Q: 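Structure below; questions to follow.
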Amino acid sequence: MIIKARIFRSSKRHFDCQREDTKEIVETTALATLLKEEHLVVGDWVMISPPPQGGEEWKIESTLERKNSIFRNIPREQKKKVIASNIDVMLVVVSAGKPSYKRGLIDRYLVRSDYWNIPAYVIFNKMDLHDPTEFDINFECNRLKWLDAQSFEVSAEDTTYSPKYLSKGFKELKQELKGKTAILLGHSGVGKSKLITSLTDGKVELLSGELGKVGKGAHTTTWAELIDAENFTLIDSPGIRSMSLSDLTKEELLLGFSDINQWSAKCRFSSSCTHEENSKGCYFQNLDVGNRDTELILSRLDSYKKILEEVSNIPDWLKKP
Ligand SMILES: Nc1nc2c(ncn2[C@@H]2O[C@H](COP(=O)(O)OP(=O)(O)OP(=O)(O)O)[C@@H](O)[C@H]2O)c(=O)[nH]1
Ligand SMILES: [Mg+2]
Ligand SMILES: [Zn+2]
């Protein structure tokens, strides 16, 4: 008997897999020869065979081809570490309270989303703590709409705080997630683990960490793991300190900023313009000030320039596969 199953948790040679037929979680090990050839990650589909008589552990016989996979780029080692596979949507979680909102991180994830060809939803969590003088959420949501990314406003923590639009945020999100595998990504402490508790109506309690004195997360989650939320599958993942894009070439980066690419064509010296204050005939430097569209365009340029600097630190020829 050979059964199809999916890796929900992994540690070195041992894997908790969910059987596709009964949805039961079983313990498995993989043959050393298989592990030598393949780095198994959560989200992988595998074929497993039952334990020998008296035994408890199933055996992973083979793996099925991945639809896609996501990785963490480790610039120091110029390495990519695959962390999960077969993902339908990335949930980019940001905090609308503490830790403070980071727009740049969203733009980084949108580049990855484009590169991986996996859609991204942006989740504004901790709306119960949101102080409108800190940042204008309407501007941010419009900006995302304009970038073709859906956004949702929710609060994972306080169930007593449920103005209509917050529960609406959850309802819409759950609707959108139906039948999908979604990975939660974002800084430590933004509430990824807490959100999973809310999205499973409290059925799944994960370890959540208090924020430290400076309002940053404590890196509570240390491994990626899958969670069966009945109508959809969620992957909790550890918070990242920074989301490196240094593996991309300048060309690849520009592909992920198609808006910048189009605007740049309007600069007088479009092929060489660096869009600095003193750049002659630069489209960006000649926009009407005090206009909302200008603010949006310049916010994108700001993100682009920051990432371009990082990408330029390593010469492109070193990045060819
Ligand atoms: N007020 C409020 N607190 C929240 C909300 N969501 C999460 N928190 C709190 O924020 C802290 C961090 O939440 P976690 O779920 O551990 O954050 P995480 O993103 O999983 O963090 P790492 O696992 O470290 O990456 C916890 O103390 C949560 O109780 C929210 O919507 N509102
Ligand atoms: Mg966590
Ligand atoms: Zn320019």
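Counting starts at 1 for both ligands and their atoms, following the listed order. This is a predicted model, so every value here is computed, not measured.
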Q: Find, among atoms of His275 that are N, O or S, the one nearest to the Zn ion (ligand 3), and state its name.
A: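 In His275, the N, O or S atom with the shortest distance to the Zn ion (ligand 3) is ND1.
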Q: Is a salt bridge present between Asp44 and Arg6, judged by a nitrogen-to-oxygen distance below 4.0 Å?
A: no
Q: Set out, in order, the CA-CA distance, both residues' side-chain angles and the distance that settles side chain to side chain contact (heavy atoms under 4.5 Å, CB included) for Arg103 and Glu140, then state yes or no.
A: CA-CA 8 Å; Arg103 177 196 287 149; Glu140 302 304 322; 2.7 Å; yes
Q: Using distance alone, determine whether Asp236 and ligand 1 share an N or O pair under 3.5 Å.
A: no
Q: Using a 3.5 Å cut-off on N or O atoms only, is Pro238 in polar contact with ligand 1?
A: no
Q: Would you say the Mg ion (ligand 2) has Ser193 as a near neighbour, meaning an N/O/S atom of that residue under 2.8 Å away?
A: yes
Q: Please confirm whether Phe15 and Phe8 have ring centers closer than 6.0 angstrom.
A: no
Q: Please evaluate residues Tyr109 and Leu185 with respect to the criterion side chain to side chain contact (heavy atoms under 4.5 Å, CB included), reporting the C-alpha separation (whole Å), side-chain torsions for both, the decisive distance (0.1 Å), and the verdict.
A: CA-CA 9 Å; Tyr109 273 116; Leu185 299 162; 3.7 Å; yes
Q: Measure from atom 24 (O) of ligand 1 to every heavy atom in Gly191, Ala96, Ser188 and give the option owning the shortest one.
A: Ser188
Q: Looking only at distances, can you tell me whether any N or O atom of Val154, backbone or side chain, sits closer than 3.5 Å to an N or O atom of ligand 1?
A: no
Q: Under 3.5 Å between any N/O of Ser237 and any N/O of ligand 1: does that happen in this structure?
A: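 Between Ser237 and ligand 1, no N or O pair is found under 3.5 Å apart.
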Q: Can you find a side-chain donor-acceptor pair between Ser303 and Asp107 that sits under 3.5 Å?
A: yes
Q: Taking the six-membered ring of Trp116 (Phe, Tyr or Trp), confirm whether the NZ or CZ of Arg112 is under 6.0 Å from its centre and within 45° of its axis.
A: yes
Q: Please confirm whether Ala156 comes within less than 3.5 Å of ligand 1 when only nitrogen or oxygen atoms on both sides are compared.
A: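 In this structure, Ala156 places an N or O atom under 3.5 Å from an N or O of ligand 1.
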Q: List the steps and the verdict of side chain to side chain contact (heavy atoms under 4.5 Å, CB included) for Arg300 and Asp302.
A: CA-CA 5 Å; Arg300 288 289 287 168; Asp302 185 49; over 6 Å; no
Q: Please determine, by modelled atom types, if Ser246 and Asn73 share a side-chain donor-acceptor pair under 3.5 angstrom.
A: yes
Q: What atoms of ligand 1 come within less than 4.0 Å of a heavy atom belonging to Gly239?
A: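 Selected atoms, number and element: 25 (O).
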Q: Just jot down the ligand 1 atoms closer than 4.0 angstrom to any heavy atom of Asn125, in number order.
A: 5 (C), 6 (N), 31 (O)
Q: Please identify which atoms of ligand 1 are closer than 4.0 Å to at least one heavy atom of Asp128.
A: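 Here the atoms of ligand 1 in question are 1 (N), 2 (C), 30 (C), 31 (O), 32 (N).
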